[in-house]
Protein chains: 2
Amino acid sequence: MRYLVNDKLRGSDAVSKSGYHHGDLRRTIVAAAVAAIGESGLDGWSLRELARRAGVSHAAPAHHFGDKTGVLTAIAAEGFTLLAEALEAAEADFLAAGLSYVDFAVKHPVHFAVMFQPGIYRADDEAVQQAETRAGDVLRLGAKAMAAGSKAAPEHATLAAWSIAHGFASLWLSGALRVPPGTEAVDAARPVLHMLVE
Amino acid sequence: MRYLVNDKLRGSDAVSKSGYHHGDLRRTIVAAAVAAIGESGLDGWSLRELARRAGVSHAAPAHHFGDKTGVLTAIAAEGFTLLAEALEAAEADFLAAGLSYVDFAVKHPVHFAVMFQPGIYRADDEAVQQAETRAGDVLRLGAKAMAAGSKAAPEHATLAAWSIAHGFASLWLSGALRVPPGTEAVDAARPVLHMLVE
DNA sequence: TCCCAATCTAGTCGTTGTCAAGTTCGGTTT
DNA sequence: AAACCGAACTTGACAACGACTAGATTGGGA
């Protein structure tokens with residue numbers, strides 16, 4: 001297996017020979033897209049810019065992703081997988097799961113923003129659907145634990161739990177909350193989530 | 001010169017008779033932008049398309065808004081004003097305010113999406129700031145009513161109320177919720193919000 | 001009546017997404 | 001070992017876009 005980082009080999013004659021195939025373009029592009037979106041917002045990036053960063057031609061990304069939407073679809077799929085993993089680690093405890101949800105959103109704000117932005121990616125994509133239902137299953141499982149201690153309907157409890165965690169995370173990321181500087185999102189979320197479970 | 005005027009504006013408002021001066025371009029552009037975003041998503045529109053719809057030259061919108069961000073800023077300001085009005089009608093009742101919040105998001109999904117998307121508009125715009133604090137004040141007032149009946153800290157109650165309403169609205173709009181078809185958002189939200197106040 | 005500032009047009013530049021067609025390479029078959 | 005196949009990537013082209021500039025037009029106030 002040949003790993004070729006273009007910038008490092010620049011200047012050698014081997015570039016023209018081995019530089020044709022990047023080797024790991026797909027992952028490189030996704031990572032670059034996440035970074036670019038993090039810096040400049042959801043539409044502050046271009047396929048050509050990603051290509052430039054990766055040191056490939058301007059049309060190379062389209063080969064792997066079809067179009068711009070394809071890159072966002074890949075990010076969404078990655079996001080739902082990461083979320084599922086985070087929630088699975090918290091097991092069937094609402095407070096822990098809720099904090100994990102917030103923690104995921106804060107640590108992967110770009111993924112989070114893409115995932116819940118309807119229409120900007122292909123929600124019917126196979127990889128997305130798979131990761132999405134996986135995350136959804138863990139979510140429902142976690143909220144069921146909370147509903148057990150309550151006399152409310154489980155589906156209402158699930159929705160309430162999901163809503164409050166999702167809402168807090170969204171508001172936090174949007175910058176709408178005015179909290180003391182230096183506050184960690186998870187610490188700020190704890191008492192808020194606690195209001196739901198009593 | 002072309003003489004093209006929107007039918008909507010033709011009847012009621014006073015519109016200039018000349019083809020050169022549109023007469024109400026600013027409002028027309030904002031409305032067209034909201035419609036276009038509703039159809040094709042947050043970046044599925046262009047200034048030139050809005051200009052074409054309004055029957056003016058491709059650079060006319062830039063005169064009123066400076067750039068594309070200016071249009072989004074106007075939408076955000078309008079959104080916060082609409083939200084403030086909706087919340088003010090609900091007065092100091094948490095459940096009613098929460099339902100109004102959800103109702104606003106469902107009825108004005110484009111405004112809602114823009115408002116809480118950090119970075120895509122000028123959050124430091126004067127009109128935005130003004131409308132934003134106005135909406136925020138009503139919100140804090142409504143949540144204070146809920147906190148009165150509880151023994152929790154008022155700021156936690158405010159955050160929890162805001163989070164659960166905002167989270168439900170966001171999830172609903174993102175299409176992530178799987179509810180029976182034909183369900184109204186407000187009806188689905190009622191039992192969920194009820195879980196916070198007991 | 002005249003004049004000026006707001007409004008809108010016209011033209012241009014650099015950039016973008018996407019498409020079609022060509023090139024190169026690793027791996028597999030023959 | 002030689003031919004070759006398909007995937008990975010390049011090259012070139014095109015229409016559309018945002019942004020900018022300079023100029024044309026208009027209506028309201030002096």
Side-chain angles (χ1 to χ4, degrees), chain A residues 1-7 9-10 12-30 32-33 36-37 40-75 119-122, chain B residues 1-6 9 13-30 32-33 36-37 40-74 119-122:
Chain A
M1 184 67 68
R2 179 195 307 273
Y3 286 104
L4 180 65
V5 182
N6 289 342
D7 289 341
L9 294 186
R10 194 56 52 80
S12 125
D13 285 6
V15 170
S16 65
K17 182 182 167 188
S18 330
Y20 206 100
H21 284 358
H22 180 283
D24 200 15
L25 227 203
R26 193 182 167 88
R27 287 206 321 151
T28 303
I29 292 294
V30 171
I37 293 176
S40 319
L42 265 178
D43 55 346
W45 59 285
S46 69
L47 287 179
R48 294 171 108 104
E49 181 200 346
L50 302 186
R52 247 175 273 131
R53 287 202 197 188
V56 294
S57 81
H58 65 88
H63 172 73
H64 289 277
F65 300 98
D67 56 5
K68 219 177 162 182
T69 303
V71 179
L72 294 171
T73 303
I75 294 178
I120 69 169
Y121 65 94
R122 282 183 274 275
Chain B
M1 271 315 120
R2 289 293 294 271
Y3 178 61
L4 266 175
V5 179
N6 255 1
L9 301 170
D13 286 349
V15 171
S16 158
K17 280 196 279 184
S18 117
Y20 202 99
H21 283 358
H22 180 283
D24 201 12
L25 227 203
R26 192 181 168 90
R27 286 207 319 150
T28 302
I29 291 293
V30 171
I37 293 176
S40 318
L42 266 177
D43 54 347
W45 58 286
S46 68
L47 287 178
R48 293 169 109 105
E49 181 200 345
L50 302 186
R52 244 175 276 131
R53 288 203 197 188
V56 295
S57 80
H58 65 91
H63 171 73
H64 291 277
F65 300 98
D67 56 8
K68 217 177 165 183
T69 302
V71 179
L72 294 171
T73 303
I120 68 169
Y121 65 94
R122 283 183 272 275

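Proteins come first, then strands; the chains are lettered A, B, ... in the order of their sequence lines, and each starts at number 1.
His58(B) comes within 4.0 angstrom of a nucleotide base, judged by non-hydrogen atoms across all strands. Using a 4.0 Å heavy-atom cutoff across all strands shown, Ala62(A) reaches no nucleic acid atom at all. Residue contacts for Arg26(A): at a heavy-atom cut-off of 4.0 Å it reaches no nucleic acid atom on any strand shown.
To the nearest 0.5 Å, the span separating CZ on Arg53(A) from OG1 on Thr28(A) amounts to 12.0 Å. To the nearest 0.5 Å, atom CG of residue Leu42(A) and atom CD1 of residue Ile37(A) are 5.5 Å apart.
Between the side chain of Arg52(B) and the main chain of His58(B), no donor-acceptor pair closer than 3.5 Å is present.
Atom NE2 of His64(B) and atom C1' of dC8(C) are 8 Å apart (whole Å). One can place CZ of Arg48(A) at 7 Å from P of dT16(C), the figure rounded to the nearest angstrom. The nearest whole Å value for the distance from the CG atom in Asp43(A) to the C1' atom in dC17(D) is 13 Å. Between the CH2 atom of Trp45(A) and the P atom of dT15(C) there is a distance of 19 Å, rounded to whole Å. Atom-to-atom, CZ of Phe65(B) to P of dC8(C) comes out at 11 Å; the value is rounded to the nearest Å. Per the geometry, CG belonging to Asp24(A) stands 9 Å off P belonging to dC9(D), to the nearest Å. In this structure, CG of Asp67(A) is placed 14 Å from P of dA20(C), rounded to the nearest angstrom.
In this model, the phosphate group of dT7(C) is approached by a side-chain N or O of His63(B) to a distance below 4.0 Å at OP1 or OP2.
In this structure, the side chains of Trp45(B) and Val71(B) come closer than 4.5 Å at one or more pairs of heavy atoms.
Picking from dC20(D), dT18(C), dA19(D) the nucleotide with the shortest atom distance to the side chain of Lys68(A) gives dT18(C). Minimum atom distance to the side chain of Arg52(B) is reached by dC17(D), of the listed dC17(D), dG12(D), dC9(D). Relative to the side chain of Ser57(A), the nucleotides dC9(D), dT16(C), dC17(D) differ in distance, and dC9(D) lies closest. In this structure, the nucleotide among dT7(C), dT18(C), dA19(D) sitting nearest to the side chain of Leu47(A) is dT18(C). Taking every side-chain heavy atom of Ala60(A) into account, dT10(D) is the closest of dT10(D), dG18(D), dC8(C).
Salt-bridge annotation for Arg122(B) and Asp67(B): present, with a side-chain N of the basic residue lying under 4.0 Å from a carboxylate O of the acidic one.
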